Amino acid sequence: MELIDQHTKTIMEGCKERARDAGLRFEDESLEYIVTNRDLIELSPKVMIPTLYDYWVHDVEVLKEKGKYELYPGNPYETVINTRPAISFYNDNNPDWLNVMIFYHVLAHIDFFQNNLFFRHTWDYDFNGEALSDKRAIAKLRAERGRWVDYVIEFTRGIDNLVGYHSLLSGIFHTPDASISAKVDYYFDIYLQDVAKANISKYIKELERYNVSVKEDPALGEQNFFARIDRRHPEFGSLFKKHQEEKPQKPKDLLQFIMENSKMLRREENQWMLMVMQVIRKTGLFFQPQIRTKIMNEGWASYWHETLYLSDDRIKGHEVDFARVNAGVTAMPRVGLNPYALGMRLFYFLEEMAEKGKISWAFQRTRDAKARKDFDIQSGQGKDFIFKVRENFSDFTFIHNFVDQDFINKNNLFVAGKRLNKQKMVWEYYVKSRRVEDYREMLMASLYHPPHIEVDLKKTKENALYLIHHFEGKPLLADYIPNTMLGIEYLWGGPVQLETTEVMASPSTQRMPAIPGLAAKSDAPKPRKLKWRRVLYTMKERKLSKNIL
Amino acid sequence: MHQKLEKLFNDLKKAGLTPEQEEKFARELDGDLTHAIPVIRGNLAVVTTDAGEFRLLDLYDYHDLMVLQALAQPKSGYISHIRSIDELLEKDRQREKDGFPRKIRVGKMIKPGKAGKGKVVVVPTTVEEKFIHDPRFTEQEEGEGQGGSGDGEEGEVIGEQPVRDPDQAGAGGPGEGEGGQHEMESSAYDLGRILTEQFELPNLQDKGKKRSLTRYTYDMTDRNRGFGQVLDKKATLREIVETNIHLGNIPDMDAIDPSRFIISPKDKIYRILSKEKDFESQAVVFFVRDYSGSMAGKATELVVTQHVLIYSWLLYQYAHQVESRFILHDTEAKEVEDFYTYYNSKVAGGTQVFSAYEMVNRIVKEENLAADYNIYVFHGTDGDDWDTEGKKAIPALKEMFGYASRIGITIAEHTSSSKNNTEVERYLKKSGVLEKFPKLIRLDVLNESADEPRLIEGIKKLIS
């Protein structure tokens with residue numbers, strides 16, 4: 001791996017200038033490397049982070065299966081990595097004009113990394129540098145502990161998709177309301193409801209009384225309010241005190257919980273495992289935003305490379321070359337989902353909508369088709385709006401909010417169904433639906449979505465760790481349950497239970513014995529009727545058992 | 001076909017069936033029971049549409065290097081990985097000693113192609129197990145929709161993709177090279193080697209000697225110094241050069257002057273006529289697979305995977321001197337010509353095991369195979385049989401004993417059926433052949449949830 005030459009770097013710096021003028025914001029420093037195929041072999045399993053810790057599974061090249069993104073915390077790989085400074089990778093024989101295009105693409109990615117709020121927790125440190133020191137530490141541990149380091153890595157990675165990414169973000173963005181004291185919160189949120197079990201009218205009366213006393217005397221109102229309560233409910237004071245002493249139970253993700261509560265890990269000879277687990281957890285959290293903003297990030301980068309390239313004076317004479325490459329990148333496939341194309345179109349669509357003032361209540365209220373079409377108040381807010389979208393949205397909210405029927409119609413999109421043609425033994429792809437509901441559902445289904453699994457504190461007694469899978473209409477992949485639980489048992493140092501939902505195995509439910517001669521045969525597949533049941537897996541002493549609840 | 005089945009069903013009913021049997025058979029007759037062809041994961045579909053052929057990619061498979069710079073993911077040859085695979089397997093054995101299940105999988109390594117029988121695509125792989133949603137799970141039979149764009153009425157077919165594309169491994173998408181997936185190509189021979197050496201599968205060769213057919217031919221191959229029938233010029237010249245180097249007669253290697261060579265009589269190498277071993281195929285293996293409707297779900301996958309493993313292992317054991325025959329059966333048996341078809345065929349109907357056994361007997365008799373070959377028969381089924389008592393199957397099986405070196409029957413039980421109580425298992429046990437001829441016939445009963453290590457265990461059981 002080597003840095004790009006000075007000539008190419010000059011092109012990059014020129015691109016930076018123009019991108020900044022267009023409104024993109026990013027740190028000044030960036031590193032650009034030339035990669036060979038050999039480098040790629042080493043980098044791609046490590047999600048392009050050159051300093052990521054060594055692990056034997058990385059060596060198994062064949063890991064790159066489809067569906068791997070679910071098994072990995074991150075993308076298959078990115079060419080730009082979200083580090084400080086940002087590092088990007090290039091083919092060694094790109095012509096200059098192509099580099100101009102790619103540089104714009106990369107700069108838009110960097111802008112996205114550094115401004116999209118879902119990346120907030122990655123902003124204040126250099127992941128690449130930390131990863132390097134972690135890598136050394138793990139290598140040192142491996143020299144001392146041998147293969148057990150790899151077991152701890154493996155078992156921790158087994159649950160690193162359950163890292164509490166959203167609770168991490170909510171911690172960052174949470175601002176407690178200072179105007180209301182903890183005592184008031186406790187009284188209304190917990191005491192009245194859980195301890196005193198007050199009915200609604202009493203609750204509202206108390207609320208009213210509080211408001212009145214604060215209004216009458218802003219300084220001492222609260223004190224007056226509680227004076228009466230202390231008289232009537234002498235136990236309130238001590239209950240509140242006790243409540244404050246109890247540590248606020250912020251929801252912990254599974255990894256955190258194990259690291260803090262596992263007896264096995266608390267033993268002195270096992271302390272080193274905590275360090276390894278910490279590294280894996282941090283890495284898992286670092287890659288979360290990447291995978292949750294794929295469509296936006298690629299769409300944003302494609303939008304900008306197209307926009308900036310066309311206005312770049314340095315590329316005269318290569319417009320046709322560009323058009324060819326760009327069409328390959330941003331064409332909508334006849335069947336399939338290209339995040340570059342989809343995201344880019346959505347950004348263009350939003351810009352146009354906002355430009356005409358269509359993102360407004362007035363437009364939404366307009367029902368008349370022609371009026372909708374002609375609606376244009378020339379707000380001039382287009383660019384502003386997409387910059388806001390780039391800052392505040394992730395793929396889920398992006399699609400959920402902005403993919404509408406107008407967008408589908410404009411881009412001629414549809415959901416492609418797939419069915420088996422038994423005569424020809426081929427899968428047929430056909431136009432299944434052009435309705436926005438179906439299209440959005442299809443998009444949502446293809447987004448990354450790890451299962452929602454939590455520790456049940458009430459049922460985690462004695463030694464046994466009790467996990468609850470909150471069912472969302474899809475079962476867990478049964479093949480993976482035993483080994484994952486085996487790993488958790490190892491880290492936890494005791495039995496582990498998992499409550500989940502699965503389909504009842506009853507293949508014959510809808511199959512009626514055929515009456516010869518009368519059996520109605522239709523080619524359309526019958527919708528399967530599914531029966532769900534709650535089951536409890538228990539992993540104890542490396543043996544898995546299952547009970548139906 | 002269907003009418004014939006119904007007639008058969010009615011005849012059986014008249015002869016007397018228990019209600020459970022009747023329901024089970026009726027279900028197979030019902031027609032919309034299909035068994036799934038095992039899905040090879042990691043494969044991306046190649047779809048042909050009116051806009052041309054292209055590869056279907058997952059949303060998260062797109063990345064800048066591929067899309068913008070047309071840089072393919074590097075592909076590395078199988079051979080360069082052999083060493084590391086050995087190391088990994090070593091690691092895997094250590095895992096077992098440490099009390100954890102093995103993680104390197106062999107079963108998912110296979111992708112038979114139509115080109116060249118002995119050629120199998122091998123994907124040694126491991127997965128990182130996590131709690132994830134089952135990606136194969138969909139509430140509709142059809143599977144989840146894809147995105148699409150362009151013209152077309154709802155319902156209009158816009159493209160198609162062969163259910164199994166034999167060339168898929170080689171076909172790159174536009175501008176993409178070999179991106180997307182990593183597969184290691186290899187002959188089944190390599191897989192056989194790994195299976196034999198690393199998984200300690202037993203060696204069949206000893207038994208094979210019984211009728212090992214080694215012919216001798218005479219050829220000008222044995223070499224002799226000094227005398228003989230035909231001078232081997234190349235070998236002789238090599239000797240001469242060596243001699244002259246020793247003598248210091250070649251001062252400059254770049255300017256050799258052959259006219260100055262000193263030739264010793266011992267330098268002359270002759271070939272003489274000698275007896276040479278000429279190996280012929282030593283074994284014929286019949287792969288027999290139940291592809292009836294009841295083979296739904298994992299049963300087919302298990303049986304097929306196990307047969308692929310056996311197939312590869314035999315190729316290694318007999319160093320390509322094994323002939324394979326492939327027979328599929330539901331209520332009727334048919335022979336197919338290659339592993340590809342064997343692997344991919346999908347049909348739904350009733351089950352009569354004896355039809356396949358009789359076909360094997362007929363082929364052996366007609367082609368007089370028993371005289372020249374070791375004969376192995378491997379049969380995979382879910383254990384359902386309309387011939388509930390084995391009235392026809394057992395005699396056909398007994399006939400096989402006359403010539404077969406080993407008959408291995410694999411029953412992949414459905415979880416829904418009661419344990420160890422499938423028809424085939426029952427009548428096999430009742431007939432007592434398993435005890436009487438333990439060297440000739442073996443039975444392996446698998447649970448539907450069996451994994452690769454279990455399959456390999458099963459193979460050991462079938463062939464040891």
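A, B, ... follow the sequence lines: proteins, then strands. Residue 1 opens every chain. The shown structure was predicted, so the numbers you read here are calculated from the model rather than taken from an experiment.
Contact annotation for L476(A): both backbone and side-chain heavy atoms come within less than 4.5 Å of a heavy atom of chain B. Contacts of L98(A) with chain B are made by side-chain atoms alone, with heavy-atom separations under 4.5 Å and no backbone atom involved. Contact annotation for L162(A): only side-chain heavy atoms (C-beta onward) come within less than 4.5 Å of a heavy atom of chain B. At a 4.5 Å heavy-atom cutoff, the contact between Q94(B) and chain A is made by backbone and side-chain atoms alike. Using a 4.5 Å cut-off between heavy atoms, L342(A) does not touch chain B at all. Heavy atoms of V325(A) lying under 4.5 Å from chain B belong exclusively to its side chain. With a 4.5 Å cut-off on non-hydrogen atoms, N93(A) does not touch chain B at all. With a 4.5 angstrom heavy-atom cutoff, N411(A) touches chain B only via backbone atoms. Within the 4.5 angstrom heavy-atom criterion, no atom of I408(A) approaches chain B. Only the side chain of F155(A) comes within contact range of chain B, with heavy atoms under 4.5 Å apart. Heavy atoms of P450(A) lying under 4.5 Å from chain B belong exclusively to its backbone.
For the atom pair CD1 of I158(B) and CD of E428(A), the computed distance is 11.0 Å after rounding to the nearest 0.5 Å. Interatomic distance, L477(A) CG to I132(B) CD1, rounded to the nearest 0.5 Å: 5.0 Å.
The shortest side-chain heavy-atom distance between L68(B) and Y90(A) does not fall under the 4.5 Å cut-off.
With no hydrogens or angles considered, no side-chain donor-acceptor pair links Y480(A) and D134(B) at under 3.5 Å.
S149(B) contributes no side-chain N or O that, together with a main-chain N or O of N412(A), makes up a donor-acceptor pair within less than 3.5 Å. A donor-acceptor contact shorter than 3.5 Å is absent between the side chain of Y151(A) and the backbone of D98(B). The backbone N or O of E154(B) lies less than 3.5 Å from no partner atom in the side chain of R434(A), so there is not a single donor-acceptor pair. Between the side chain of N161(A) and the main chain of F131(B), a donor-acceptor pair closer than 3.5 Å is present. Side-chain atoms of H133(B) never come within 3.5 Å of backbone atoms of P475(A) as a donor-acceptor pair (strictly under, hydrogens ignored).
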Practice problem: Carefully, step by step, assess R95(B) and E154(A) under the rule salt bridge (Lys or Arg N to Asp or Glu O under 4.0 Å). | Solution: CA-CA 12 Å; R95(B) 280 179 72 87; E154(A) 174 190 329; 2.5 Å; yes
Practice problem: Show your reasoning for whether side chain to side chain contact (heavy atoms under 4.5 Å, CB included) applies to L486(A) and F100(B). | Solution: CA-CA 8 Å; L486(A) 185 84; F100(B) 304 116; 3.7 Å; yes
Practice problem: Could you please spell out the steps behind the side chain to side chain contact (heavy atoms under 4.5 Å, CB included) verdict for E129(B) and D479(A)? | Solution: CA-CA 8 Å; E129(B) 284 108 336; D479(A) 297 353; over 6 Å; no
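In this structure, V431(A) and E153(B) approach most closely via the heavy-atom pair CB-O, 3.2 Å. Taking all atoms of both residues into account, the shortest heavy-atom contact from E128(B) to Y55(A) is OE1-CE2, 3.8 Å. Closest approach of P101(B) and N483(A) over heavy atoms only: CG-OD1, 2.9 Å.
Note on P451(A), P482(A), A478(A): by heavy-atom pairs under 4.5 Å with chain B, the leading option is P451(A). Of the residues considered (M101(A), H469(A), M485(A), H105(A)), H105(A) shows the highest number of contacts with chain B, using heavy-atom pairs under 4.5 Å.
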